[in-house]
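Every heavy atom of this structure was used, including side-chain atoms; hydrogens, water molecules and symmetry mates were not. We count residues from 1, following the sequence as given.
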Amino acid sequence: MASETDFSNNPGGKPSFGKKRASLHDMIGGLGKLPPQALDLEEAVLGALMLEKNALSEIIDILKPESFYKEAHQKIYEAIFNLFQQTSPIDLLTVTAELRKMGALEMAGGAYYITQLTDRVVSAANIEYHARIISQKYIQRELIQVSTEIINSSYDETADIFDLLDHAEKSLFDIAQNNLRRDSRKMDDIMREAISNLELLRDRTDGLTGVPSGLTALDRMTSGWQPSDLVIIAARPAMGKTAFVLSVARNAAVDHSKPVAVFSLEMSSVQLVNRLIAGETEIEQEKLKKGNLADHEWQQLHSRIGRLTEAPLIIDDTPALNVFEFRAKCRRLKAQHDIQMVIVDYLQLMHGKAEGKGGGNREQEIGSISRALKSVAKELNIPVLALSQLSRAVESRPGNSKRPMLSDLRESGSIEQDADMVLFLYRPEYYGLTEDEEGRPTAGVGEVIIAKHRNGETGIVPLKFVGKYVKFVDLEEDFAGAGGDSFNSPDSFSSAMGPSDSFGGSFGGGFDGGGGITMPSRMNDMPDDAPF
């Protein structure tokens, strides 16, 4: 069986799926089998479309021109689809005229063949059922084609096995993504589910309806990270973005046994774990970085990392990750480990298309990435937290306050549009501001500014940033317990602050199982002193 998978002019040996696909006849003709097809149903569907004007509305989301096996039928359906887009009537005469306009009348079998199609069916009563069978045959043909290409590519000794796996998985995923869509749901079905969820929440006393962040004041305002939400966490460099998401990932995984996946495009998995160790053991990161620990600190390290080692925390540090690989990996992790939250560090380092595929500017690419992240959150029904950079406009803003705003989001307005929540991290002391508007010290204080909250309130949540342990924690009890409403504006935040800069809220809580998994990448050349 001859293969048309082309590795020529491809020094990396990367399989070229989709670039030059072998015909289905070439692939399975030698097996003495016909490709899956339903020509009689194709004729019935096309005839019904030309008999009843509303028939296309029932199947337009099921069939595409390429769903038809016979090329003549593809052209006829394409002509019908063109008429639908032009809001023109669809019947025997208009379809024939459109095919003539397309220069495809003879390819479609001529006017006589089109007339015959309308004679093969009486009505469009069963058109949806027929269309689904045609779609099933098309999916079978696609699976045969992709599987054969994978087999042929696997015989090539120069192919990179990781690229082969990525492309194979992407090709199979695309078949499902492009052909299997969820049906609409009636109101009574949705209402029953909504009432059932409310009854489950009735007996909860902590007010959490999503994945906890482990930060009391923040959870009070958000009720936890909500399923299907895309949460954008943005800040200027060195504000503590990675430290913040590692803190909430650790709290969810260790204290609440929620499986969490972290995709780190900036730092290696070992660097991230070193930060987690610093926060868990409260040994300074600089000491861990140099391995300069006293005997009692070694004992402290080994005695405190047990729960962290067993935490259901999964780290993937694959560099230059594209959205196709990201979506596929998230689907696998959901199936294998039932992940409850995904974190991406950070959005601007992702690629919107597979490697080697260009097209579009950077703003459009960032828009496609944010839409893909939201799609994953909705499909898997889990929160997706994505870090994002802010523009330099924050630094150039006049006055003492450098608090970011939605217009500072870098490279694309699509990020703000697609996000269900937008959080900004702000540390006044980074800009040399030692006191707030009321004259109180800002040392060690970090603010989480909820600038957009599609399903809740906005405001400011004050936290304690512990730089030497690279983590965010609650402020001391008398401050953090001042009430959620007291943190909803900058003014109330100032009035609630106390002069003390001590902190509490060390990592604690119970853990009842789960396995920790680290998924290293093939290349790990990130610097050890990358900024957090």
Side-chain angles (χ1 to χ4, degrees), residues 1-5 17-52 55-84 90 92 95-96 98-99 102 104-152 168 171-181 183:
M1 178 168 50
S3 168
E4 293 189 25
T5 306
F17 294 128
K19 294 183 180 179
K20 186 180 179 184
R21 300 186 71 173
S23 71
L24 202 59
H25 285 292
D26 291 341
M27 289 181 176
I28 66 175
L31 301 176
K33 295 181 180 180
L34 285 174
Q37 56 188 280
L39 293 180
D40 52 342
L41 294 183
E42 291 183 8
E43 294 171 353
V45 166
L46 293 174
L49 291 175
M50 290 185 283
L51 282 178
E52 297 190 15
L56 184 60
S57 300
E58 297 185 33
I59 67 166
I60 196 168
D61 60 340
I62 301 174
L63 295 180
K64 301 172 289 188
E66 56 267 30
S67 301
F68 292 84
Y69 176 73
K70 193 173 181 178
E71 187 174 2
H73 296 167
Q74 294 179 6
K75 292 297 181 183
I76 296 170
Y77 186 77
E78 185 178 346
I80 293 172
F81 189 79
N82 290 344
L83 292 170
F84 178 81
I90 299 172
L92 177 63
V95 172
T96 303
E98 180 66 21
L99 283 167
M102 293 165 54
L105 182 58
E106 294 304 317
M107 189 181 301
Y112 179 70
Y113 179 72
I114 298 170
T115 304
Q116 283 185 313
L117 291 176
T118 59
D119 296 334
R120 295 179 182 273
V121 65
V122 177
S123 72
N126 300 316
I127 189 171
E128 183 179 350
Y129 181 77
H130 294 162
R132 293 195 182 280
I133 295 177
I134 295 172
S135 178
Q136 290 171 16
K137 301 298 182 184
Y138 169 67
I139 294 173
Q140 287 178 276
R141 296 196 300 271
E142 286 288 283
L143 287 171
I144 291 171
Q145 187 157 341
V146 167
S147 300
T148 306
E149 289 176 349
I150 293 171
I151 291 171
N152 292 335
S171 299
L172 292 171
F173 176 77
D174 285 346
I175 294 175
Q177 188 74 359
N178 295 332
N179 293 283
L180 304 178
R181 298 187 179 274
D183 292 332

Atom pair [atom1] ([X]) and [atom2] ([Y]), whose distance is rounded to the nearest 0.5 Å:
X    : Y    : atom1 : atom2 : result
H130 : L46  : NE2   : CG    : 12.5 Å
M102 : K75  : CE    : NZ    : 5.5 Å
S135 : Q140 : OG    : CD    : 10.0 Å
I76  : T96  : CD1   : OG1   : 8.5 Å
L92  : L51  : CG    : CG    : 9.0 Å
Y77  : L56  : OH    : CG    : 5.0 Å

Subject >> Test side-chain contact (heavy atoms from CB on, under 4.5 Å) applied to I114 and M50, step by step >> reply: CA-CA 9 Å; I114 298 170; M50 290 185 283; 3.8 Å; yes
Subject >> Student check: side-chain heavy atoms of I134 and I62 closer than 4.5 Å >> reply: no
Original post:
Are the side chains of E42 and V45 in touch, meaning some heavy atoms are under 4.5 Å apart?
Top reply: no
Subject >> Test log, rule side-chain contact (heavy atoms from CB on, under 4.5 Å), inputs Q74 and E78 >> reply: CA-CA 6 Å; Q74 294 179 6; E78 185 178 346; over 6 Å; no
Subject >> Heavy-atom pair of closest approach, residues A131 and L63 >> reply: O-CD2, 3.4 Å
Subject >> A55 to A48 - nearest heavy-atom pair and separation >> reply: CB-O, 4.0 Å
Side-chain ([X]) to main-chain ([Y]) donor-acceptor, under 3.5 angstrom:
X    : Y    : answer
Y69  : P35  : no
E71  : M107 : no
E66  : K64  : no
T118 : T115 : yes

Subject >> Residues R132 and E128 bridged, charged N to O under 4.0 Å >> reply: yes
Original post:
Once the angle between the rings of H73 and Y113 is folded into 0 to 90°, is it parallel (under 30°), tilted (30 to 60°) or perpendicular (over 60°)?
Top reply: parallel
